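Okay, structure first, notes after.
In what follows, chains carry the letters A, B, and so on, assigned in the order in which the sequence lines appear, proteins first and then strands, with residues in each chain numbered from 1. None of these values were measured; they are calculated from a predicted model.
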Amino acid sequence: MRYSQMFLPTTREVPSDAELVSHQLMIRAGMIRKLTSGVYSYLPLGYRVIRKFEQIVREEMTHAGAEEVFLPIVQPSELWQESGRWLYYGKELLRFRDRHDRECCLGPTHEEVITDLVRNEIKTYRQLPKILFQIQTKFRDEIRPRFGVMRAREFGMKDAYSFDEDEQHSEISYKKMYDAYMRIFSRCGMRFRPVEADSGSIGGSYSHEFMVMADSGEDAVCYCSSCDYAANLEKAEVARPQVNEAADTVEPMEEVYTPSVKSIEDLCRFLQIKPSEIVKTLVFSADGRPVAVLVRGDHEINEIKLKNYLHCNFLELADEEMIRAASGASKGFAGAVGIKARIIADYSLLGMNDVVMGANRDDFHLRHVKIGRDFRVDEFADLRMIRQDDPCPKCGGKITIARGIEVGHVFKLGTKYSKAMKAVFLDRDGKEKTMIMGCYGIGIGRTVAAVIEQNHDENGIIWPLVLAPYHVIIVPVNLKEKNIASAADKLYGQLLERGIETIYDDRDERVGVKFNDADLIGIPYRVTIGPKRLAEGTLEIKDRRSGEVTVVPIERAAGFLQTVIDSQK
RNA sequence: CGGGGCGUAGCGCAGCCCGGUAGCGCGCCUGCUUUGGGAGCAGGAUGUCGCAGGUUCAAAUCCUGCCGCCCCGACCA
């Protein structure tokens, strides 16, 4: 397309409200504009990239045996009542009423709709398995949208759902999707890693997240340097420590006066001890009941693990009142000795013998506390957050923590929705069975943003060829020189004929402007037609990524570009 | 929802403390010159100063309320 005809508003200045490079570049390159908080318009250049990515997703989904559908974005509350999520989902679900005063919501995801569709049509095992997918706009009313399309309220998502007759078949569907995801992100040339993840409120038995490695990522992942173990930080198991039952003799427990010493740091300073000698007692409210959770002073509680362990719906740190009711003291002085609550301890406590903890009395702590002697622990469990250099739960190697962007997520749902919504079929024996489901999402806009995070330099975006909005940009140095203009016109015609996606920068701008825009929008190959080379019958082709310049005879340029481009497809 | 910041030309900002004709850079329009990395000269257009009240002879500026946006946290997947 001729640049002069395009709606491609690039900007020189960095937008002040954009923090992430991908966000800045998407705005500067004229890919997106914000309409309102967390809601973006895609401009032609941005939308071309989106469609390229969607096409890759479609190809791989189809290749994996999935069929494309298109489900409604407005959904009736009834379905959500049925699944139970009308109550459970929270404020992220945008709810409203139609003119008949019927409750509706905007789909943040489509398990309910697809389950309803499938239960009405699929009656027998002969119709299974089925994998259906769609590419649809979702709406989640995020509390704080940020980072442009990376964390928007309205966003494009590919979601797929599998229905199988039993666990074994469901595993096969899961594997198909997992493999498709591997191919999708590989085709985009991304550095990514599938990691084990918590399945969260969507529910279900297990799941993997596909994380694009980027320092700007919102999620923390950990992986083993020796084996292939990788997990979301929230999911990462911590190996149960080996305990050597040494017959320690611990001095009798005693109270120490610790006025206004509430934090771990204060306590360490005050008693001249290390955080690892302290036991932190945190009182949680689990569905309204107090639970005392014990972890080592230098460890962090992993609330997801705790929540999963307790099987509760609502979990939060207890308020002053509950803490006082359970411990008899104010916040900061809770301890396990004599506390009126269920006591759960992290495995790390197993190896501790002589510890310091709150005394359940304001301004006092206890020391020389011995677990089992001075208080009982109801249960031990893995409750803490994994840390850098902790041993790998799988092989014992060293754990590394890095940041990533979650671009895809595959869940094995089991019967969570099919059971609640009665998606059943008759099996070979004529017996009624509940379908086993899986669901599989990819954030479309987010993936494109993640690609930019991994593919840019100080001048702008560097598109991998498969996602590039155009493959070639022709830059005539000066259109007023007739021979330059006619050479550029001619080449443009040749590239169009070959079906090579080309921008012809026919604007009346100085070359510097054109070069900078070409770099900014990241077109893989830039063809420069200027007086010096033209005089000798050649032109220059510059590779955006490597910066390498190749001088090619004009008549061979189209063929050259075709060869280079085809070799990468 | 808590804390902080911002809202003035299309974009980025100054002016506000100390009330008195609204300014700068970029961009935009016209003309001439220029043309291998964001040109030069000359001329020109553009504002409900976020909205609504209040104080005042007079409000971008002071006061009150509201709205929007951004950052940190909490929350959420």
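In the set B:U34, B:A77, B:G36, B:G36 carries the atom at the smallest distance from any side-chain atom of A:Lys532. Comparing B:A77, B:C71, B:G37 by their nearest atom to the side chain of A:Arg146 picks out B:C71. Residue A:Arg510 has its side chain nearest to B:A39 when only B:A74, B:A39, B:A77 are considered. Side chain of A:Asn516, nearest nucleotide from B:G36, B:C70, B:G38: B:G38. With B:G12, B:G38, B:U35 as the choices, the nucleotide that has an atom nearest any side-chain atom of A:Val477 turns out to be B:U35.
In this model, no donor atom of one side chain and acceptor atom of the other lie less than 3.5 Å apart for A:Thr502 and A:Tyr492. A donor-acceptor pair shorter than 3.5 Å can be found between the side chains of A:Tyr504 and A:Asp489. A:Arg85 and A:Tyr417 are linked by a side-chain donor-acceptor pair at a separation below 3.5 angstrom, with hydrogens and angles left out of the test. A donor and an acceptor atom, one from each side chain of A:Asn302 and A:Glu234, are nowhere located under 3.5 Å apart.
Judged by Watson-Crick or G-U wobble contacts below 3.5 Å, the nucleotide B:A45 has no partner. When both distances must be under 3.5 Å, the Watson-Crick or G-U wobble mate of B:C69 is B:G5. Across every strand in view, B:A59 sits unpaired, with no contact that passes the Watson-Crick or G-U test at under 3.5 angstrom. With a 3.5 Å ceiling on both atom-pair distances, B:A74 lacks any Watson-Crick or G-U wobble partner. Summarising the base pairing, B:C24 is matched to B:G12 through a Watson-Crick or G-U wobble pair whose two defining distances lie under 3.5 Å. The partner of B:A39 is B:U33, judged by Watson-Crick or G-U wobble contacts that both fall below 3.5 Å.
At B:C69, one or more side-chain N or O atoms of A:Thr36 fall inside 4.0 Å of OP1 or OP2 (strictly under the cut-off). Between A:Arg144 and B:C72 there is a side-chain N or O to OP1 or OP2 distance below 4.0 Å.
Looking at heavy-atom distances under 4.0 Å, A:Val511 makes contact with sugar-phosphate atoms alone, never a base. Within 4.0 Å of A:Arg446, counting heavy atoms only, lies no atom of the nucleic acid at all. If you check every strand for non-hydrogen atoms under 4.0 Å, A:Glu234 touches a base. Heavy atoms of A:Lys514 sit nowhere under 4.0 angstrom from any nucleic acid atom. Looking at heavy-atom distances under 4.0 Å, A:Lys138 makes no contact with the nucleic acid at all. Note on A:Arg526: a base of the nucleic acid sits closer than 4.0 angstrom, heavy atoms only. Note on A:Glu19: only backbone sugar-phosphate atoms sit closer than 4.0 angstrom, heavy atoms only; bases stay farther off. Residue A:Ser37 is classed as a sugar-phosphate contact, given heavy-atom separations below 4.0 Å to backbone atoms only. Residue A:Arg151 is in base contact, counting any heavy-atom pair closer than 4.0 Å across all strands shown.
Rounded to an integer number of Å, the gap from CD of A:Glu218 to P of B:C71 is 11 Å. Residue A:Arg507 contributes atom CZ, which lies 13 Å from atom C1' of B:G37 at whole-angstrom precision. One atom, CD of A:Glu509, and another, C1' of B:G36, lie 15 Å apart when rounded to the nearest Å. What separates CD1 of A:Ile521 from P of B:G38 is a distance of 18 Å, to the nearest Å. Atom-to-atom, CG of A:Asn459 to C1' of B:G38 comes out at 11 Å; the value is rounded to the nearest Å. One can place CZ of A:Arg12 at 16 Å from P of B:C13, the figure rounded to the nearest angstrom. Rounded to an integer number of Å, the gap from A:Lys307 NZ to B:C75 C1' is 11 Å. Straight-line distance from the CZ atom of A:Arg28 to the P atom of B:G38: 14 Å, rounded to whole Å.
A distance of about 30 Å separates the C1' atoms of B:U55 and B:C13, rounded to the whole Å. Between the P atoms of B:C49 and B:A42, the separation comes to 32 Å (whole Å). Rounded to a whole angstrom, the distance from the C1' atom of B:A58 to that of B:A22 is 16 Å. With both ends at atom C1', the span from B:A14 to B:A60 equals 12 Å, rounded to whole Å. A distance of about 25 Å separates the P atoms of B:C67 and B:A74, rounded to the whole Å. On the P atoms, B:U21 is 32 Å away from B:C66, given to the nearest whole Å. As rounded to the nearest Å, B:G15 and B:U56 have P atoms that lie 28 Å from one another. Distance noted for atom P between B:G65 and B:G5: 16 Å (whole Å).
Checked for salt-bridge contact, A:Arg544 and A:Asp457 meet the test: a charged N lies under 4.0 Å from a carboxylate O. A salt bridge links A:Asp505 with A:Arg507; the closest basic N to acidic carboxylate O contact falls under 4.0 Å.
Mapped onto RNA chain B by nearest heavy atom, A:Ile143 and A:Gly38 fall at different nucleotides, with A:Gly38 at the one closer to the 5' end.
Each of A:His409, A:Lys138, A:Gln136 was scored for a side chain to side chain donor-acceptor pair (under 3.5 Å) with A:Asp159, with one residue passing: A:Lys138.
Side chain A:Asp519 to base B:G37: a donor-acceptor pair is found below 3.5 Å.
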Please list every donor-acceptor pair under 3.5 Å in which a side-chain atom of residues 522-529 of chain A meets a protein atom from a residue at least two apart or in another chain.
residue  : atom : partner  : partner atom : Å
A:Tyr525 : OH   : A:Gln568 : NE2          : 2.6
A:Arg526 : NE   : A:Thr528 : OG1          : 3.4

